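Letters A, B, ... are given to chains in the order of the sequence lines, protein chains preceding strands, and every chain is numbered from 1. It should be emphasised that the depicted structure is a prediction, and the values quoted were computed from it without experimental measurement.
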2 protein chains.
Amino acid sequence: MAYLEASVIDHGAVARPTGRTPCSPAKSNLSDFGGKSTAYETHAVVYYEGDPAKRLYELVRGSIMLYKLLPDGRRQVVEVLRPGDIFGLASTDENDCTAETLTSSIVQEIDLRQVERSQELQSILTKSLTSQMHVLHEHAVLLGRKSAVERVASFLMHLVPDRGGLGCAGPEDEENDGFDLQLHMTRQEIADYLGLTIETVSRVVSDLKRRGVIRVDKADKIHLNKVCSLCQMTGIH
Amino acid sequence: MAYLEASVIDHGAVARPTGRTPCSPAKSNLSDFGGKSTAYETHAVVYYEGDPAKRLYELVRGSIMLYKLLPDGRRQVVEVLRPGDIFGLASTDENDCTAETLTSSIVQEIDLRQVERSQELQSILTKSLTSQMHVLHEHAVLLGRKSAVERVASFLMHLVPDRGGLGCAGPEDEENDGFDLQLHMTRQEIADYLGLTIETVSRVVSDLKRRGVIRVDKADKIHLNKVCSLCQMTGIH
DNA sequence: CGTCCTCTTGACCTTAGTCAATCACAGTGG
DNA sequence: CCACTGTGATTGACTAAGGTCAAGAGGACG
């Protein structure tokens with residue numbers, strides 16, 4: 001499988017961290033606990049599933065996905081992280097997922113052994129894990145119970161801030177309820193996140209386009225014409 | 001939908017905690033932090049999705065599932081808890097799942113506000129959340145990428161201690177690799193956990209029976225004839 | 001013995017997957 | 001500047017896996 005080979009090549013040739021600190025200031029919850037800030041290129045691997053877990057990471061800027069592979073090459077992207085998310089914590093001594101950047105990213109890295117030492121760190125961790133758990137629960141519903149259209153609609157809605165949630169206030173302006181999205185994911189990555197094939201994702205996107213719900217400026221850049229009508233297709237209404 | 005109505009009836013009529021302490025001694029990680037121990041009947045609801053989150057719970061004995069419902073009645077069981085698991089922590093002020101017992105259970109309950117106060121509690125929490133996260137990641141792979149047979153095989157394998165994992169040593173005795181399981185879940189609950197329909201679960205179980213991999217003594221009492229051959233069907237080999 | 005409930009089985013249908021051809025676009029090199 | 005190549009995305013035709021609907025079997029219980 002193409003992406004698998006690419007990743008393996010990355011490991012040795014491309015994806016190694018540059019080790020320099022970010023040039024622009026970026027807030028990090030973990031920076032108070034020492035460690036270093038590292039920049040990663042797009043599609044660089046931070047760590048591999050099965051590697052020994054040695055560090056705790058915080059995504060400071062950019063976007064990172066965590067995925068698991070089955071031996072025959074099937075892939076499931078289990079989380080798509082946003083700035084502020086903490087990752088790398090493992091219940092065994094090995095990482096249970098591979099962490100790969102979707103865009104160039106800045107990551108704050110500290111030693112895992114710090115975790116036992118700091119009370120404040122534990123508190124931050126609890127909050128972060130709880131919120132990731134919540135996302136994972138929602139995602140389980142998506143993977144287990146939603147149709148292809150509902151999955152894609154849910155995926156797009158998650159990229160719209162303050163909309164589609166329980167406390168969604170609806171559109172501010174009924175007549176002007178559009179939104180511009182930059183996905184930062186290929187069709188393959190979206191498919192592996194939503195438990196679909198690349199062809200199905202493509203077909204659903206084309207269909208939404210045909211029905212006037214979205215406009216596709218670039219494969220990667222999508223305009224939602226009416227957020228509310230897309231939200232109606234997520235299965236949560 | 002039948003189970004939905006049943007749950008709603010339970011809420012008022014059956015499922016309320018009896019409030020008595022367990023008669024037999026049971027170790028609990030949370031018992032040091034005060035609170036009370038509560039016994040629940042089979043299919044009792046500990047809390048509902050959307051209810052205000054006020055308490056932190058530890059399953060001391062028995063079995064509990066966490067599930068989410070879509071407005072049209074589709075259900076996804078997102079976790080099946082075992083003794084020692086901690087639940088009830090929410091990222092908002094509302095529970096994101098319904099918690100319902102699968103068997104009669106004993107639950108240790110403490111006030112959520114305790115969490116901020118105790119360092120030791122935070123530490124316990126971090127460990128528990130991390131391990132639940134690991135399970136959720138695996139489950140995402142199951143829901144997103146596995147076939148019906150692989151899902152059922154994985155489900156059954158998870159009920160066999162020390163087998164099927166990464167460090168699985170294989171059968172101790174090649175000729176005598178059987179195992180007896182008590183599921184404690186209806187076909188509907190299994191289906192909702194695995195993202196399948198009740199009919200598909202039933203068909204897969206019948207098929208495994210026909211192929212001699214399992215023996216079905218009762219609907220929820222299954223004997224695995226050869227653990228290793230079932231493990232071969234989980235998709236992880 | 002009848003009722004209720006869950007589970008099983010069969011027939012049929014729908015959804016999404018598979019396979020393959022084509023398109024679009026960016027980068028490369030003559 | 002433009003043909004060539006490679007990659008990712010789209011589309012179409014077909015297939016297969018699992019869902020739907022309906023009927024019947026098997027237990028538990030009053």
Side-chain angles (χ1 to χ4, degrees), chain A residues 1-7 9-10 42-43 70 72-76 102 142-153 155 183-210 214-222 233 235, chain B residues 1-7 9-10 42-43 70 72-76 102 142-153 155 183-210 214-222 233 235:
Chain A
M1 233 158 235
Y3 61 77
L4 182 54
E5 286 162 17
S7 296
I9 292 163
D10 277 350
T42 303
H43 289 120
L70 290 173
D72 62 2
R74 281 176 286 179
R75 180 172 76 159
Q76 180 63 45
L102 291 168
L142 181 146
L143 293 173
R145 289 297 177 218
K146 290 191 182 179
S147 71
V149 175
E150 288 170 337
R151 292 181 201 205
V152 173
F155 170 69
L183 304 187
H184 300 304
M185 290 174 86
T186 65
R187 293 287 184 270
Q188 184 67 66
E189 284 155 358
I190 296 169
D192 288 346
Y193 184 44
L194 302 182
L196 300 170
T197 59
I198 192 173
E199 292 95 334
T200 300
V201 172
S202 189
R203 268 186 261 269
V204 170
V205 168
S206 295
D207 196 53
L208 291 175
K209 189 169 61 181
R210 220 168 294 123
I214 64 173
R215 187 185 69 226
V216 181
D217 297 330
K218 266 189 59 192
D220 190 44
K221 194 162 157 31
I222 288 179
M233 308 170 85
Chain B
M1 225 153 243
Y3 60 75
L4 182 54
E5 287 162 17
S7 296
I9 293 164
D10 276 350
T42 303
H43 289 121
L70 289 174
D72 61 2
R74 282 176 287 178
R75 179 172 75 160
Q76 179 64 45
L102 291 168
L142 180 146
L143 292 174
R145 289 297 177 218
K146 290 191 181 179
S147 70
V149 175
E150 288 170 337
R151 291 181 200 205
V152 173
F155 170 70
L183 304 187
H184 300 305
M185 289 173 87
T186 66
R187 292 287 184 271
Q188 184 67 65
E189 284 155 359
I190 297 168
D192 288 345
Y193 184 45
L194 302 181
L196 299 170
T197 59
I198 193 173
E199 293 96 333
T200 299
V201 172
S202 187
R203 268 185 261 269
V204 169
V205 168
S206 296
D207 195 53
L208 292 175
K209 189 168 61 181
R210 219 168 294 124
I214 63 173
R215 186 185 68 225
V216 182
D217 298 330
K218 266 190 57 193
D220 84 330
K221 192 159 157 35
I222 288 179
M233 309 171 85

Problem - Heavy-atom pair of closest approach, residues B/Ile214 and B/Val205 - result: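 Closest approach of B/Ile214 to B/Val205, heavy atoms only: CD1-O, 3.7 Å.
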Practice task
Identify whether any heavy atom of A/Ser206 sits under 4.0 Å from a base atom; if not, whether one sits that close to sugar-phosphate; answer base, sugar-phosphate or nothing.
Solution key: sugar-phosphate
In whole Å, I'd like the distance from the [atom1] atom of [X] to the [atom2] atom of [N].
X	N	atom1	atom2	result
B/Glu189	C/dC5	CD	P	16 Å
A/Arg210	D/dT11	CZ	P	6 Å
B/Leu183	C/dT6	CG	P	16 Å
A/Lys209	D/dT10	NZ	P	6 Å
A/Lys146	D/dG19	NZ	C1'	19 Å
A/Lys218	D/dT10	NZ	P	12 Å
B/Leu196	C/dT15	CG	C1'	15 Å
A/Ile198	C/dG17	CD1	P	12 Å

If you compare every side-chain N and O of [X] against the phosphate oxygens of [N] (OP1, OP2), does one of them come in below 4.0 Å?
X	N	value
B/Arg203	C/dT9	no
A/Thr200	C/dG17	yes
B/Thr197	D/dT20	no

Practice task
Select one nucleotide: of D/dA9, D/dG18, C/dC7, the one nearest the side-chain heavy atoms of B/Ser147.
Solution key: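 Taking heavy atoms from C-beta onward, the closest nucleotide is D/dG18.
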Ignoring hydrogens and geometry, is there a side-chain-to-backbone donor-acceptor pair from [X] to [Y] under 3.5 Å?
X	Y	value
B/Glu150	B/Met233	no
B/Arg145	A/Leu196	yes
A/Ser206	A/Ser202	yes
A/Arg187	A/Glu199	no

Practice task
Please figure out whether A/Met185 or A/Arg145 has its closest DNA chain D nucleotide nearer the 5' end.
Solution key: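 Looking at DNA chain D, the more 5' nearest nucleotide goes with A/Met185.
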Exercise for the section: Nearest-nucleotide wise, let me know which of A/Glu199 and A/Val149 is further upstream toward the 5' end of DNA chain C. Expected result: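 Checking each residue's closest nucleotide, the 5'-ward one belongs to A/Val149.
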